[in-house]
Amino acid sequence: FFCCCCCCCTCPPRSRPPHHHPLIMDDDEFKKETVKIYNPTYLMKPRPGTKFMKRNVEKVVQEVLEAKLKDVKYEAEEMAELCKDLCAEIQNHVKKMGYERYKLVTQVVITEAKGQGQRIASRCLWDPEEDNYAQASYRNATLICAAIVFGCYWE
């Protein structure tokens with residue numbers, strides 16, 4: 001007994017798929033199954049003009065923070081969602097800058113401004129020649145926001 005749900009099996013005819021042979025696909029099925037294959041580029045360093053530039057990214061992050069937070073008052077229940085939205089917005093703006101083959105990690109921390117201090121630390125294992133990070137902060141009367149974008153080159 002052999003069953004692969006094709007024409008050469010012993011399944012009843014109505015349980016067979018509509019195509020006639022498992023190795024022959026209709027044009028519509030072929031278009032759905034098309035997979036792009038990329039050849040290796042063997043790039044060990046970013047192409048000229050595509051290296052993660054800390055200064056440029058910090059400027060973009062600062063602009064996003066100022067635009068999104070200028071009229072926001074700190075509400076503890078809303079800050080988690082706002083952090084996610086800011087991360088997504090910053091990611092989208094940095095992606096548009098054209099950093100090819102960089103993995104971007106964005107972190108946003110928002111705290112209430114009550115006269116306390118804030119320290120954020122991170123440790124990474126990376127290539128100091130190609131990888132970098134950018135940071136920006138924003139403060140208004142009720143909140144303090146710190147954003148960090150890590151750009152790690154993907155060989």
Side-chain angles (χ1 to χ4, degrees), residues 4-6 17-19 22-155:
C4 67
C5 291
C6 67
H19 63 284
L23 299 177
I24 300 174
M25 296 178 9
D26 295 338
D27 287 339
D28 293 334
E29 289 179 313
F30 182 72
K31 288 177 186 173
K32 291 177 190 174
E33 298 291 327
T34 302
V35 177
K36 289 185 179 180
I37 298 174
Y38 296 98
N39 291 328
T41 60
Y42 303 107
L43 291 175
M44 300 303 286
K45 296 191 179 291
R47 290 186 173 111
T50 63
K51 188 172 180 179
F52 189 90
M53 299 298 290
K54 179 177 181 168
R55 178 180 58 247
N56 298 345
V57 175
E58 284 178 344
K59 182 180 174 188
V60 168
V61 173
Q62 190 67 43
E63 289 171 359
V64 170
L65 294 180
E66 289 173 1
K68 293 287 186 179
L69 298 175
K70 67 179 177 182
D71 296 325
V72 174
K73 290 187 170 47
Y74 185 86
E75 296 288 334
E77 298 81 25
E78 299 172 6
M79 292 302 110
E81 191 64 34
L82 181 58
C83 283
K84 290 178 189 175
D85 293 343
L86 283 170
C87 282
E89 184 84 17
I90 290 168
Q91 279 285 91
N92 290 335
H93 279 76
V94 175
K95 282 181 186 177
K96 290 177 187 175
M97 297 176 77
Y99 295 120
E100 298 175 356
R101 300 177 65 121
Y102 272 92
K103 297 286 185 181
L104 301 173
V105 178
T106 304
Q107 178 183 6
V108 174
V109 177
I110 300 177
T111 58
E112 188 173 14
K114 292 264 186 177
Q116 78 279 14
Q118 181 182 31
R119 290 191 186 263
I120 298 172
S122 63
R123 297 179 73 172
C124 302
L125 179 62
W126 65 16
D127 179 2
E129 290 182 24
E130 309 306 333
D131 304 334
N132 210 337
Y133 73 97
Q135 63 185 5
S137 61
Y138 179 82
R139 181 184 192 120
N140 67 20
T142 63
L143 62 81
I144 302 167
C145 178
I148 305 169
V149 178
F150 298 94
C152 299
Y153 186 71
W154 187 256
E155 297 174 347

For a quick test of reading the model, state the closest non-hydrogen atom pair linking [X] to [Y] and the distance between them.
{"X": "Lys73", "Y": "Leu143", "result": "C-CD2, 4.5 Å"}
{"X": "Phe150", "Y": "Ser122", "result": "CZ-OG, 3.5 Å"}
{"X": "Phe52", "Y": "Ala134", "result": "CE2-N, 4.2 Å"}

Next on the checklist: Heavy-atom count check: over 12 atoms from other residues, nucleotides or ligands less than 6.0 Å from Tyr74 OH?
Outcome noted: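 Result for OH/Tyr74: enclosed.
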Going by side chain to side chain contact (heavy atoms under 4.5 Å, CB included), name the residues that satisfy it together with [X], two or more places apart in sequence or in a different chain.
{"X": "Ala113", "answer": "Arg139, Ile144"}
{"X": "Asp131", "answer": "Trp126, Asp127, Cys152, Tyr153"}
{"X": "Ala146", "answer": "Ile120"}
{"X": "Lys114", "answer": "Glu112, Gln116"}

Item to check | salt bridge (Lys or Arg N to Asp or Glu O under 4.0 Å) contacts in which one or both residues fall within residues 37-53, not counting sequence neighbours | outcome: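 Of all non-adjacent pairs touching residues 37-53, those that pass salt bridge (Lys or Arg N to Asp or Glu O under 4.0 Å) are Lys45-Glu129, Lys45-Glu130, Arg47-Glu100.
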Checklist entry - Run the side chain to side chain contact (heavy atoms under 4.5 Å, CB included) check on Met79 and Val72 step by step: do they pass? => result CA-CA 10 Å; Met79 292 302 110; Val72 174; 4.2 Å; yes
Gap separating the [atom1] atom of [X] from the [atom2] atom of [Y], nearest 0.5 angstrom:
{"X": "Lys68", "Y": "Glu63", "atom1": "NZ", "atom2": "CD", "value": "13.5 Å"}
{"X": "Gln135", "Y": "Lys54", "atom1": "CD", "atom2": "NZ", "value": "6.0 Å"}
{"X": "Lys103", "Y": "Trp154", "atom1": "NZ", "atom2": "CH2", "value": "5.0 Å"}
{"X": "Cys87", "Y": "Leu104", "atom1": "SG", "atom2": "CG", "value": "12.0 Å"}

Would you call [X] and [Y] a side-chain contact if the rule is heavy atoms closer than 4.5 Å?
{"X": "Ile110", "Y": "Leu86", "result": "yes"}
{"X": "Val60", "Y": "Asn56", "result": "no"}
{"X": "Cys145", "Y": "Val108", "result": "yes"}

Next on the checklist: The test is side chain to side chain contact (heavy atoms under 4.5 Å, CB included); show your working for Val149 and Ile90 and say whether it passes.
Outcome noted: CA-CA 8 Å; Val149 178; Ile90 290 168; 3.5 Å; yes
Checklist entry - Can a donor-acceptor pair be found between the side chains of Gln62 and Glu58 at a distance below 3.5 Å? => result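 No, because no side-chain N or O of Gln62 sits under 3.5 Å from a partner of the opposite role on Glu58.
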Next on the checklist: If we ignore hydrogens and angles and just use 3.5 Å, is the side chain of Asn140 paired with the main-chain N or O of Leu69 as donor and acceptor?
Outcome noted: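 Indeed, once roles are kept as given, a pair shorter than 3.5 Å links the two residues.
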Checklist entry - With sequence neighbours left out, which residue pairs that include part of residues 75-99 fulfil the side-chain hydrogen bond (donor to acceptor under 3.5 Å, both in side chains) condition? => result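 Pairs touching residues 75-99 that pass the test: Gln91-Thr106.
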